[in-house]
Amino acid sequence: MPELPEVEVVRAGLSQHVLGAHISHVQVLHPRPVRRDPAGPQGFADRVVGRTITAVRRRGKYFWIALDERDAVLAHLGMSGQMLLKDADAADERHLRVRFGLEGVTSDSAPTGRLEMRFVDQRMFGGLSYAEDGALLPPEIAHIARDPLDSEFDEDAFVRAVRRRSSAVKRILLNQDVVSGIGNIYADEALWRARIHGERPGDRLSGPQARELLSHAREVMSHALAQGGTSFDALYVNVNGESGYFDRSLHAYGREGEPCDRCGTPIRRAAFMNRSSYFCPRCQPVPRRPRAGR
DNA sequence: ATCGCGACCTGGTTGC
DNA sequence: TGCAACCAGGTCGCGA
């Protein structure tokens, strides 16, 4: 489940290997990953063929491959997406969805010199689309906030946004318009570290609490980034097909029934937003029911 | 404007 | 053993 650190690993890996590459051919093997592209699979392929990759950039969990420093291929890995660099002779992956033939670059991954960039995605929550004039920032994701690792991230604006909302603080953390890059795993980890229950309304947090929560999110993500992405999920691999390791650093996520690393109380799992939340019932007490009226 | 729910997907696991 | 139900979850569209 790629969140910000994993996506950054992919972005950096691509950036290292494909800058200057000429895209000689594009093959869309399944229509779903290009569903967001109004031009359809053929239209997508036609506009990408013949272009030169000039940069690979990222905002939150989106990244994009700049074409001639003007347009871009916008990408999201969803839950199970991978962007692999492979020798053209390598066997197709079971869930290969889009193939990009690259020329003019060499890599250890392609001893023959015929390199392919492959979008592989089992569950197909991810996708690619052509972003016109999107080289610097695709307009379709201009609404996404910066992430906590971004030097231009506005911390005060984040604190204000949290404290002005009545919805659950975990929901706010997952709202990419407020802060990007945080998914279910890192949200639970940041909340555990900050000793805050995810269902506490944002407007019931103090300024310092909101600020501390943010710094925990930043910490857990930069730790993961340093490790090369979390990915205890075997579906996630970095750009060269290599898995990262980080699972041992998780204190809450996926640890139902195991003792809290701080106090020993069994970690609990609860349904939240149609998914699971993991928390320590002692360190992160459930907020009292918000009273009606008054 | 803001909020919150459900749909979209596949494949591994669980339960009967 | 076989099959159905469930679960993972980021994003978006929609109704409230």
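Numbers restart at 1 for each chain; the letters A, B, ... are given by sequence-line order, proteins then strands.
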Original post:
Which letters describe nucleotides 8-13 of chain B, given B = protein heavy atom under 4.0 Å from base, S = only from sugar-phosphate, - = neither?
Top reply: BBBS--

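Ion pairing between R114(A) and D89(A) holds under the 4.0 Å rule for side-chain N and carboxylate O. Between D150(A) and R59(A), none of the side-chain N atoms (NZ, or NE/NH1/NH2) sits under 4.0 Å from a carboxylate O, so this pair counts as no salt bridge.
With axes fitted over five pairs at each extremity, the angle between the ends of the helix from dT2(B)-dA16(C) to dC16(B)-dG2(C) is 50° (10° resolution).
Applying the side chain to side chain donor-acceptor pair (under 3.5 Å) rule to pairs touching residues 18-36 of chain A yields Q27(A)-R99(A), sequence neighbours excluded.
If you measure from atom CG of L173(A) to atom P of dG10(C), you get 12 Å, rounded to the nearest angstrom. Note: CG (L128(A)) to C1' (dG10(C)) measures 15 Å, nearest angstrom. Separating the CZ atom of R171(A) from the C1' atom of dT2(B) is a distance of 11 Å, rounded to the nearest angstrom. Between the C1' atom of dC5(B) and the CZ atom of R275(A) lies a distance of 11 Å, rounded to the nearest Å. Rounded to an integer number of Å, the gap from OH of Y186(A) to C1' of dG10(C) is 15 Å. Nucleotide dT11(C) holds its P atom 13 Å from the CZ atom of F63(A), rounded to whole Å. A straight line from CG of D121(A) to C1' of dG10(C) spans 12 Å, rounded to a whole angstrom. What separates NZ of K170(A) from P of dC3(B) is a distance of 18 Å, to the nearest Å.
Residue order along DNA chain B, read from the 5' end via each residue's closest nucleotide, puts N175(A) first among N175(A) and N274(A). Closest-nucleotide positions on DNA chain C for R269(A) and M273(A) were compared, and the one nearer the 5' end corresponds to R269(A).
Counting only N and O atoms by type, the side chains of H216(A) and E212(A) include a donor and acceptor under 3.5 Å apart. Defined by atom type and a distance below 3.5 Å, a donor-acceptor pair is missing between the side-chain atoms of D121(A) and H95(A).
With sequence neighbours excluded, the residues forming a ring-ring contact (aromatic ring centres under 6.0 Å, His included) with F279(A) are H197(A), listed by chain and number. Among residues two or more places apart in sequence or in another chain, the salt bridge (charged side-chain N to carboxylate O under 4.0 Å, His left out) test is passed with E140(A) by none. In this view, Y130(A) satisfies the ring-ring contact (aromatic ring centres under 6.0 Å, His included) rule with no residue, not counting sequence neighbours. Partners of Y278(A) by ring-ring contact (aromatic ring centres under 6.0 Å, His included), not counting sequence neighbours, listed by chain and number: Y253(A). Residues meeting the salt bridge (charged side-chain N to carboxylate O under 4.0 Å, His left out) test with E8(A), sequence neighbours left out: R11(A), R58(A).
The hydrophobic cluster of L136(A) has no other members, since no ILVMFWY side-chain heavy atom comes under 4.5 Å of it.
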Could you list, one pair per line, each protein nitrogen or oxygen that sits under 3.5 Å from a nitrogen or oxygen of nucleotides 12-16 of chain C, together with the distance?
| residue | atom | partner | partner atom | Å |
| --- | --- | --- | --- | --- |
| dC12(C) | OP1 | Y62(A) | OH | 2.8 |

Each nucleotide N or O in nucleotides 3-6 of chain C that has a protein N or O under 3.5 Å away: list the pair and distance.
none

**OP:** Go through the steps to decide whether E116(A) and K86(A) satisfy the test salt bridge (Lys or Arg N to Asp or Glu O under 4.0 Å), and finish with yes or no.
**Re:** CA-CA 5 Å; E116(A) 285 184 357; K86(A) 287 290 186 79; over 6 Å; no

**OP:** Apply side-chain contact (heavy atoms from CB on, under 4.5 Å) to T52(A) and L67(A), showing your working.
**Re:** CA-CA 5 Å; T52(A) 298; L67(A) 306 174; over 6 Å; no

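The phosphate of dT11(C) (OP1 or OP2) has a side-chain N or O of Q176(A) nearer than 4.0 angstrom.
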Return a table of donor-acceptor pairs under 3.5 angstrom between the side chains of residues 166-173 of chain A and protein atoms on other chains or two or more places apart.
| residue | atom | partner | partner atom | Å |
| --- | --- | --- | --- | --- |
| K170(A) | NZ | N184(A) | OD1 | 2.7 |
| K170(A) | NZ | D188(A) | OD1 | 2.7 |
| K170(A) | NZ | S277(A) | OG | 2.7 |

